[in-house]
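Worksheet: the structure to be examined is printed underneath.
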Number of protein chains: 2
Amino acid sequence: MKQLPETASVNAQVLASLRAAVISGELAPGSLHSVQNLATQLGVSRTPVREALIKLAQQGMVRFERNRGVRILLTSLHDLEEVFALRLLLEPPAVRRATTRLDGNQRRELRRMFAHMEKAAKADDEFTMFEHDRRFHRVLLEASGNARLAAFVDGLRDMVLRRGVSTARESRSLDDIVAEHRAILDLIEAGDAEGAAKAMREHVRHTAELLIAQEAGADLGPGVVAVDIDLDWTGPARDQH
Amino acid sequence: MKQLPETASVNAQVLASLRAAVISGELAPGSLHSVQNLATQLGVSRTPVREALIKLAQQGMVRFERNRGVRILLTSLHDLEEVFALRLLLEPPAVRRATTRLDGNQRRELRRMFAHMEKAAKADDEFTMFEHDRRFHRVLLEASGNARLAAFVDGLRDMVLRRGVSTARESRSLDDIVAEHRAILDLIEAGDAEGAAKAMREHVRHTAELLIAQEAGADLGPGVVAVDIDLDWTGPARDQH
DNA sequence: GGGGCGAGAGTGGCATGCGACACGTCACCG
DNA sequence: CGGTGACGTGTCGCATGCCACTCTCGCCCC
């Protein structure tokens with residue numbers, strides 16, 4: 001007989017809680033925490049907490065400091081550059097490939113995610129919006145047929161969320177973001193792999209520029225917007241603008 | 001299984017031992033092992049073994065099966081395709097970028113690694129050869145300035161080593177491999193970023209074709225060499241040959 | 001009063017205890 | 001003779017014990 005509620009393992013729950021806490025800033029970047037403390041707060045023992053933290057450490061979100069505690073790492077400007085350089089290298093080719101490989105379910109799922117984004121944007125629901133944004137991208141990445149690529153890029157987004165999600169609206173409305181995704185979706189539906197890849201490229205680049213300019217401004221103080229970082233390694237001496 | 005040498009956190013040593021054992025095939029792909037057993041063989045307790053295995057599981061080398069043991073995962077043909085598709089997307093741009101960013105130490109280290117490769121090839125020492133091959137690539141990846149990229153690609157190589165290292169010589173001599181690296185090194189030294197990127201592209205593609213053809217042959221039986229897999233997602237409708 | 005130092009509290013890392021579950025075995029029943 | 005179910009063994013997942021080390025802070029000596 002099959003168990004219906006199938007509760008997730010403690011480890012998975014702890015991992016989700018900790019990841020959410022780090023992303024939300026509830027565990028402040030740069031702060032130190034003890035495994036014992038976290039375990040008590042979560043109502044479990046040290047072991048699953050430690051194991052979840054090991055996974056987060058591998059992803060670069062935290063760092064163990066022996067006999068001191070677990071440090072919540074901050075996402076530096078350089079981290080954002082790394083993440084977006086990688087996304088620029090990987091996502092456009094993934095979309096190019098996904099365009100010709102999407103099956104019916106994936107295509108339907110992609111439409112669903114986009115519809116949810118539109119609805120969330122209308123309702124001004126930022127959280128739901130970014131949640132489906134992420135799933136939209138994930139469907140595309142998985143449709144490329146390369147699971148490692150999909151998992152890696154999806155993991156990179158955690159780094160961005162920590163700095164970006166709550167402030168993104170300062171420079172770009174939710175409707176603009178929806179429009180960029182609509183362009184990608186339309187080109188995919190039309191079977192234009194090149195166009196879709198290019199649209200994705202522009203979307204990622206646009207996001208990167210806004211986020212990095214914004215964060216650089218936050219780091220350097222208001223008024224400083226001179227940011228011209230060399231993100232796009234894609235091709236030979238391509239015009240960066 | 002190899003006994004642990006000296007100091008340096010038990011965890012790190014266990015991780016190295018287990019990784020080596022998986023790569024060498026000492027822990028056979030598809031086989032099940034208990035944490036207790038592995039711990040005993042390594043002369044440590046279950047905890048560091050379990051923690052090391054968690055890291056390997058995140059990398060996709062093993063999988064925990066509840067109340068059954070730890071499964072050593074096999075590297076399928078599809079896995080090889082994924083790995084090389086990613087390397088083709090990432091390594092050439094990384095080299096393009098590294099060419100203009102190498103500092104003195106890195107340049108010296110690169111030369112050192114290449115010299116070791118030459119020497120090992122002369123001595124027909126396959127193991128040392130591939131060890132320095134890997135470090136050669138790693139220096140380049142790190143010189144690109146993107147630590148995430150470097151760590152990710154370096155991790156991908158584990159998957160390849162497991163199937164490739166002991167059989168690679170069937171289709172390509174050590175001298176050939178050295179020659180491909182020499183081309184890359186020379187172009188870097190000459191400051192030709194485009195050329196170096198192209199040379200790296202050809203090197204990775206060449207390696208991929210040989211390895212995949214070989215493994216496909218092994219999977220499908222001798223005589224089957226018809227392999228034409230779509231690895232290169234780099235650009236628009238590029239001629240694959 | 002100032003500076004060095006030592007004891008205590010707190011921590012991560014490793015070892016070990018314990019319970020629930022999966023699977024193979026074998027005796028028992030139809 | 002075949003199917004079946006209970007039991008024993010082995011395993012992971014989680015909890016807890018233990019140790020060496022670090023850092024803090026207050027006390028003592030100068």
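So that the names make sense, note that chain A is the first sequence line, chain B the second, and so on, each numbered from 1. The shown structure was predicted, so the numbers you read here are calculated from the model rather than taken from an experiment.
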Item to complete: Produce a footprint string for nucleotides 12-19 of chain C: one letter per nucleotide, 5' end first; B if the base is under 4.0 Å from any protein heavy atom, S if only the sugar-phosphate is, - if neither.
Response: BBSBBBB-
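Remark: A16(B) pairs with no residue by the side chain to side chain contact (heavy atoms under 4.5 Å, CB included) rule, at least two apart or across chains. Residues satisfying the side chain to side chain contact (heavy atoms under 4.5 Å, CB included) criterion with Q58(A), sequence neighbours excluded, are K55(B), Q58(B). Under the rule for a salt bridge (charged side-chain N to carboxylate O under 4.0 Å, His left out), the partners of D154(A) that lie at least two apart in sequence or sit in another chain are R134(A), R138(A). Partners of H33(A) under the ring pair (Phe, Tyr, Trp, His ring centres under 6.0 Å) rule, at least two apart in sequence or in another chain, do not exist in this structure.
With a 6.0 Å cutoff to the six-membered ring centre and a 45° limit on the axis angle, R148(B) does not count as a cation-pi contact of F152(A).
In the model, T40(B) has no side-chain atom that pairs as donor or acceptor with a side-chain atom of N37(B) under 3.5 Å.
Without hydrogens or angle criteria, H116(B) side chain to E131(B) main chain gives no donor-acceptor distance under 3.5 Å.
Residues of residues 53-61 of chain B that place a heavy atom closer than 4.0 Å to DNA chain D do not occur.
For the pair R63(A) CZ and dT11(C) C1', the computed distance is 16 Å after rounding to whole Å.
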Discussion item. Ring pair (Phe, Tyr, Trp, His ring centres under 6.0 Å), that's the test. Do H132(A) and H181(A) meet it? Break it down for me.
Written reply: CA-CA 11 Å; H132(A) 291 91; H181(A) 286 83; over 10 Å; no
